[in-house]
Amino acid sequence: MELTRIITVEGRGIPVRGDDIDTDRIIPARYLKEITFSRMGEYPFYDERFTPEGETKDHPFNDPRCQGASLLVANANFGCGSSREHAPQALMRWGIKAVIAESLAEIFAGNCTMIGVPAVTLSAPDIRRLQDLLGTRPETPMCLNLQARILTLGEVQFEIQIPESRRQALMEGTWDSTALLLSNLPMARKTAGALPYQNGFIS
Amino acid sequence: MAQNTLYNKVWDAHRVAVLPTGQDQLLIGLHLVHEVTSPQAFDALRENNWTVAFPERTFATCDHIIPTHSAERPFEDPMAETMMAALEGNVREFGIPLYDLPSGKQGIVHIVGPERGLTQPGMTIACGDSHTSTHGAFGTLAFGIGTSQVRDVLATGCLAMDPLKVRKIEVTGKLAPGVTPKDVILHIINRLGVNGGLGYAYEYAGGVFDAMTMEGRMTVCNMSIEGGARIGYVNPDEETFRFLKGREFAPSGGAWDSAVSWWKTLASDKDAVYDDVAVFAGEEIKPMITWGINPGQSIAVDQSLPVPEDFPLEERASLEAAYNHMKWIPGQKAVELPVQTVFIGSCTNGRLSDLREAAGVVKGKKIHPGVRGIVVPGSQEVRKAAMEEGLHRIFEEAGFQWRLAGCSMCLAMNPDKLSGDEICASSSNRNFIGRQGSARGRTLLMSPAMAAAAALNGRVTDIRDLT
């Protein structure tokens, strides 16, 4: 299986402000009735971007200056709630290649990693500064460098945090973990065999 | 680093290998599958010619999209029908048992697992649903996963996981009358925050949990994720064993005794080391409601809504966002909040004891004429047991609709939804904007008893004033 190593992500930023933005807001549940992810790119933040009558609301994902952006900059506890992978799928298929937040819900951050979208954190003041800079100059190029653990916005540098295992998985291209796990299947069967509940509690 | 906790013992027993990334390869002892988060995972298996590695440890049911007014197939919603048919095709192709509508064993996945006796102490349990933490009530490590991880568990029986820290949450003493497990978890989330559990497994302990039924423990563990903790558990004890004995998949005969002996070794040791400890007094917990747009924005029912100006500047934005959606007046009393729909059900509070609790409140009374009330049992088995006790008649005579088993209005992936800016007193788990199917809908989370009381009065009601 071909490995895709993710070392840097370059592009423009898009700020989405607010703490505790849950995955129901990122993608409303009605879109989870589709049995493939192929159209998810049409739906991120749908109910925050459009009225029930289909009129456009004020939202960064509707802002012409943010179209084509790839680095999402969010606040605390981003992606909380439902485990729906549809949320990072919707963001990714819209064009987001990395998520930068003050903090990230765990299942969401794990789901991002599983689809090759680095999810990293910065301090609250750094996030606010980044969002303010993006608010005034959204065209400024950004670069996330996992190797150096640095995020740049034009000339400004920020030091990012990411669990080391996730950084390794992204940089080594093992974020798509199935092949790696499968290679240990005989060991997994051995582990299973030693568990009382998997052998009928015969001691 | 936590030591000698149940978390440590169960995690270590399921560690297959340490991966080159430094993550653990963790064996998953029970994989529960439902219709919404699995189709893409089965597609990936087909594309790669993979099989299901542990089909005997994999079970499926259907819950999110199931209409609760009619079980007739094809479903009226063609997308729901397509999704259901996809699950049926996938379980047939990959050899996985399915608790479907005709089985009599269908229901919300987190109610079905314990009900069948599939959920047992010492297991690692994964499911493509964040409320998988429910199963922690049995002393398991149970957590929600995304669809790519569902694919991994299907294909390999394993996940690549980072270890967690463990926070012991001790609730001492006893609960006051009218205070339920739902109030306990809403209180905990209120105090520790909706992101307080990031990076942690929560171990619930203390007198209140010792005395709590399994169904109550499931309610608490269910909402661990609303506090940011992917895993929440209670150490197994006699109450756990009593609940399990005689269930379909529970060990029997000689195996039962060896199972109990093993289960007893799993509880956290007396000298266990925790990364953090939080202590609450059970007596101080009151009936709770949420008033805002996340499960941490809650107050005791005898209090008034917070006034943003009383809070430090950095906390105001969240409060203002909540007021902007909920349209309340700051400082308003909780019991002044009107209610138009009442939903009793969900994986949080859709079990028999929850229905009994709500029925006890409305028995012989009528719900407010302005209220639409629906009661949705969490599983077909819960529904049957409730009907044998006549609970459906109590609800129907009070003016509630008595429905078929499913997730229903908890997340509105089915015909049960709010409309417009309707206000719903809900026994479910999330008050997120749009969660109940209307972008402007408003959700107040509370216990089944408090939801039933709100139905009677058409407004939030202190259950203690009714009794």
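These figures come from a predicted structure and were not determined experimentally. Quick note on labels: first sequence line is chain A, next is B, and so on, each numbered from 1.
Proximity to chain A (any heavy atom under 4.5 Å) is restricted, for B/Gln120, to the side chain, taken from C-beta onward. Only the backbone of B/Leu159 comes within less than 4.5 Å of a heavy atom of chain A; no side-chain atom from C-beta onward does. Only the side chain of A/Ile115 comes within contact range of chain B, judged by heavy atoms closer than 4.5 Å. Only the side chain of A/Leu195 comes within less than 4.5 Å of a heavy atom in chain B; its backbone stays farther off. Contact annotation for B/Thr147: both backbone and side-chain heavy atoms come within less than 4.5 Å of a heavy atom of chain A. There is no contact between B/Met161 and chain A, counting heavy-atom distances below 4.5 Å. Contacts of B/Ala321 with chain A are absent, with no heavy-atom separation under 4.5 Å from either backbone or side chain. At a 4.5 Å heavy-atom cutoff, B/His131 makes no contact with chain A through either its backbone or its side chain. Heavy atoms closer than 4.5 Å to chain A are found nowhere in B/Phe42, neither backbone nor side chain. Contact of B/Ala317 with chain A is not made at all, since no heavy-atom distance falls under 4.5 Å. Interface residue B/Pro20: only side-chain heavy atoms are found under 4.5 Å from chain A. With a 4.5 angstrom heavy-atom cutoff, B/Leu87 does not touch chain A via any of its atoms. Proximity to chain B (any heavy atom under 4.5 Å) is shown, for A/Asn184, by both the backbone and the side chain. Heavy-atom distances place no part of B/Ser252 under 4.5 Å from chain A, backbone and side chain included. If you measure heavy-atom distances from B/Trp256 to chain A, you find no contacts under 4.5 Å at all. For B/Phe54, the part sitting under 4.5 Å from any heavy atom of chain A is the side chain, from C-beta outward, and nothing else.
The aromatic rings of B/Trp263 and A/Phe201 sit perpendicular, their planes meeting at an angle over 60°, well past the 30° parallel limit. Ring orientation note: the planes of A/His86 and A/Phe37 are nearly perpendicular, at an angle over 60° on the 30°/60° scale. Classified by interplanar angle (parallel below 30°, tilted 30° to 60°, perpendicular above 60°), the ring pair A/Tyr46/A/Phe50 is tilted.
Between B/Cys410 atom SG and B/Arg435 atom CZ the span is 4.5 Å, to the nearest 0.5 Å. To the nearest 0.5 Å, atoms CD (B/Glu81) and NZ (A/Lys33) are separated by 12.5 Å. In this structure, CG in B/Leu27 is found 5.5 Å from CD in A/Gln198, a value given to the nearest 0.5 Å. In this structure, the separation between SG on B/Cys407 and CG on B/Asn414 is 7.5 Å, given to the nearest 0.5 Å. The line from NZ of A/Lys97 to CE of A/Met142 is 13.0 Å long, rounded to the nearest 0.5 Å. Here the CH2-CD1 distance, from A/Trp175 to A/Ile6, works out to 5.0 Å after rounding to the nearest 0.5 Å.
Checking A/Glu172 against B/Thr21 by side-chain atom types alone, no donor-acceptor pair falls below 3.5 Å.
Comparing B/Ser261, B/Gly199, B/Gly434, B/Gly128 by heavy-atom pairs within less than 4.5 Å of chain A, the highest count is held by B/Gly199. Between chain B and the residues A/Pro196, A/Ala169, A/Ser177, the most heavy-atom pairs under 4.5 angstrom are made by A/Pro196. With chain A as the partner, the residue from B/Asp257, B/Asp43, B/Leu19 showing the most heavy-atom pairs under 4.5 Å is B/Leu19. Between chain A and the options B/Arg440, B/Gln25, B/Gln23, heavy-atom pairs under 4.5 Å are most frequent for B/Gln25. If you tally non-hydrogen atom pairs under 4.5 Å between each of A/Glu106, A/Gln168, A/Met187, A/Arg30 and chain B, the highest count goes to A/Glu106. Across A/Asn111, A/Asp47, A/Ile35, the residue that shares the most heavy-atom pairs under 4.5 angstrom with chain B is A/Ile35. Between chain B and the residues A/Leu180, A/Thr174, A/Asp19, the largest count of heavy-atom pairs under 4.5 Å involves A/Leu180. Each of B/Ile225, B/Ile145, B/Asn429 has some count of heavy-atom pairs under 4.5 Å with chain A, and the biggest count is that of B/Ile145. When each of A/Glu34, A/Arg84, A/Arg17 is scored by its heavy-atom pairs under 4.5 Å with chain B, the top score falls to A/Glu34. The most heavy-atom pairs under 4.5 Å with chain A, out of B/Asp152, B/Thr132, B/Leu411, B/Asp162, come from B/Asp152. Chain B forms more heavy-atom pairs under 4.5 Å with one residue of A/Leu182, A/Leu185, A/Asn75, A/Asp22 than with any other, namely A/Asp22. In terms of non-hydrogen atom pairs under 4.5 Å with chain A, the most contact-rich of B/Ala44, B/Gly22, B/Gly144, B/Gly296 is B/Gly144.
Within a 6.0 Å sphere centred on CZ of B/Arg46, heavy atoms belonging to other residues, nucleotides or ligands number more than 12.
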Would A/Gln89 and B/Gln40 count as a side chain to side chain contact (heavy atoms under 4.5 Å, CB included) if you check the C-alpha gap in whole Å, the side-chain angles of each, and the deciding distance to 0.1 Å?
-> CA-CA 12 Å; A/Gln89 289 278 358; B/Gln40 301 89 341; over 6 Å; no
Where do A/Leu151 and A/Leu130 land on the side chain to side chain contact (heavy atoms under 4.5 Å, CB included) test, with the steps shown first?
-> CA-CA 10 Å; A/Leu151 176 75; A/Leu130 197 51; 3.5 Å; yes
Step-by-step side chain to side chain contact (heavy atoms under 4.5 Å, CB included) determination, A/Cys112 to A/Phe108 | CA-CA 6 Å; A/Cys112 286; A/Phe108 176 82; 3.5 Å; yes
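Checked options B/Asp416, B/Thr443, B/Asn431; the residue passing with B/Gln436 is B/Thr443 (criterion: side-chain hydrogen bond (donor to acceptor under 3.5 Å, both in side chains)).
Between B/Met123 and B/Phe138, the closest side-chain pair of non-hydrogen atoms is not below 4.5 Å.
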